[in-house]
Amino acid sequence: KLTILKYPDERLRTVAEPVTEVDDALRKQIDDMLETMYESNGVGLAATQVNFHKRLFVADCSEDQNEPLVFINPEITEKEGLFTNEEGCLSFPGVYAKVERAGTITVKALDRNGAEFTLTTDGLLAICIQHELDHLNGKLFVDYLSPLKRDRIRKKLEKEARLAAAN
Ligand SMILES: O=C(O)C[C@@H](Cc1ccccc1)[C@H](O)SCc1ccccc1
Ligand SMILES: [Zn+2]
């Protein structure tokens with residue numbers, strides 16, 4: 001449905017603007033993002049990744065992939081503990097790297113109807129929320145790696161993009 005920007009696309013470095021109006025147009029964007037996330041077998045997707053530079057992301061970490069969550073103008077208000085997890089990213093196909101993040105977080109956001117809610121969570125959803133919020137600030141999970149590792153990943157993805165273009 002929507003095209004996901006792939007690293008090293010510079011647009012992934014854009015800092016998203018706050019959402020000012022939760023209207024039907026935004027809800028259409030949200031539904032398109034959910035469809036794209038499910039289609040890509042992701043458990044999260046940030047608006048930045050689909051070149052829509054507003055502060056919103058979607059997530060679904062449930063077993064049956066039937067519990068869609070929407071976070072508009074999200075803010076992490078509390079962080080606790082540390083948790084290292086092997087992360088992937090839909091903007092880095094086939095790339096996985098260990099990233100240390102907070103184990104438990106409290107996030108405040110607006111839902112798809114513009115109502116404010118607060119959620120305290122841990123596990124994969126806590127990791128996903130931190131990963132997606134980074135996207136809205138133009139931060140990518142490879143930024144937590146050494147410059148050497150990051151450069152290797154960039155070269156690998158650029159080579160794959162060249163090969164794909166040639167075929
Ligand atoms: O590219 C994205 O932002 C979506 C990521 C979100 C994510 C990354 C790391 C850990 C949790 C969530 C994709 O969902 S990557 C695919 C994936 C699928 C299942 C579990 C972990 C990662
Ligand atoms: Zn990502």
Side-chain angles (χ1 to χ4, degrees), residues 1-17 19 26 29-76 78-107 109 111-112 119-146 149-154 156-158 160-161 164:
K1 184 87 195 162
L2 300 173
T3 305
I4 295 177
L5 300 178
K6 300 290 188 307
Y7 184 80
D9 192 316
E10 274 305 307
R11 291 170 293 182
L12 286 167
R13 293 301 185 181
T14 310
V15 177
E17 292 291 317
V19 167
L26 193 77
Q29 173 70 27
I30 288 166
D31 292 340
D32 287 350
M33 284 172 62
L34 281 165
E35 185 184 16
T36 305
M37 177 189 76
Y38 288 126
E39 226 170 66
S40 314
N41 299 316
V43 295
L45 184 67
T48 310
Q49 293 178 278
V50 290
N51 205 27
F52 185 80
H53 302 293
K54 295 263 183 211
R55 302 188 75 76
L56 89 109
F57 63 82
V58 296
D60 185 344
C61 296
S62 67
E63 274 304 301
D64 302 338
Q65 290 284 292
N66 58 358
E67 290 170 34
L69 295 171
V70 176
F71 297 83
I72 297 170
N73 296 341
E75 290 166 51
I76 292 180
E78 283 165 56
K79 283 185 172 184
E80 199 184 304
L82 287 177
F83 185 79
T84 300
N85 180 57
E86 179 99 326
E87 295 194 8
C89 179
L90 295 174
S91 298
F92 295 74
V95 173
Y96 296 90
K98 284 192 184 346
V99 177
E100 185 180 79
R101 295 185 191 270
T104 303
I105 61 158
T106 298
V107 57
D111 65 16
R112 64 181 295 126
L119 173 71
T120 299
T121 188
D122 58 4
L124 182 60
L125 182 56
I127 301 297
C128 181
I129 289 167
Q130 294 172 81
H131 178 109
E132 302 310 333
L133 229 163
D134 273 355
H135 272 302
L136 302 182
N137 295 322
K139 197 163 175 63
L140 300 167
F141 78 127
V142 293
D143 298 344
Y144 296 93
L145 309 179
S146 67
K149 271 201 184 148
R150 187 161 50 251
D151 208 50
R152 281 204 188 119
I153 288 167
R154 186 174 51 74
K156 175 174 176 278
L157 291 178
E158 284 177 341
E160 282 170 6

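Along the sequence shown, residues carry numbers from 1. As the structure lists them, so they are numbered: ligands from 1, and atoms in each ligand from 1.
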Note to self: Quick one about Ser62 and Asp60 (side-chain donor to acceptor, distance below 3.5 Å, no hydrogens or angles considered), yes or no?
What the structure shows: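 Side chains of Asp60 and Ser62: pair found under 3.5 Å.
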Note to self: Please tell me whether Asn137 and His135 have a donor and an acceptor in their side chains that are separated by less than 3.5 angstrom.
What the structure shows: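 Per modelled atom types, Asn137 and His135 side chains form no pair under 3.5 Å.
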Notebook entry, point to check: Does anything in residues 46-55 pair up under salt bridge (charged side-chain N to carboxylate O under 4.0 Å, His left out), and if so which pairs, sequence neighbours excluded?
Noted result: none
Check: Which pairs, with at least one residue in residues 122-131 and sequence neighbours excluded, count as a salt bridge (charged side-chain N to carboxylate O under 4.0 Å, His left out)?
Finding: none
Item checked: Residue pair Ile4 / Ser91: nearest heavy atoms and the distance that separates them ->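 That would be CG2-OG, 3.9 Å.
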Next item on the list: Locate the shortest heavy-atom distance separating Pro93 from Glu160; write the atom from each residue and the value.
Entry: O-OE1, 4.5 Å
Notebook entry, point to check: Is NZ or CZ of Lys98 both nearer than 6.0 Å to the six-membered ring centre of Tyr144 and within 45° of the ring axis?
Noted result: no
Checklist line | Distance below 2.8 Å from the Zn ion (ligand 2): protein N/O/S atoms | finding: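 Listed by chain and number, the nearby protein N, O or S atoms are Cys89 SG, His131 NE2, His135 NE2.
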Checklist line | Ionic contact status for Asp151 with Arg154, cut-off 4.0 Å | finding: yes
Next item on the list: Check each protein residue for a heavy atom under 4.0 Å from ligand 1 and list those that pass, ordered by chain and number.
Entry: Asn41, Gly42, Val43, Gly44, Gln49, Glu87, Gly88, Cys89, Leu90, Leu124, Ile127, Cys128, His131, Glu132, His135
Margin query: Over 60° means perpendicular and under 30° means parallel, so tell me whether Phe71 and Phe57 are parallel, tilted or perpendicular.
Written below: parallel
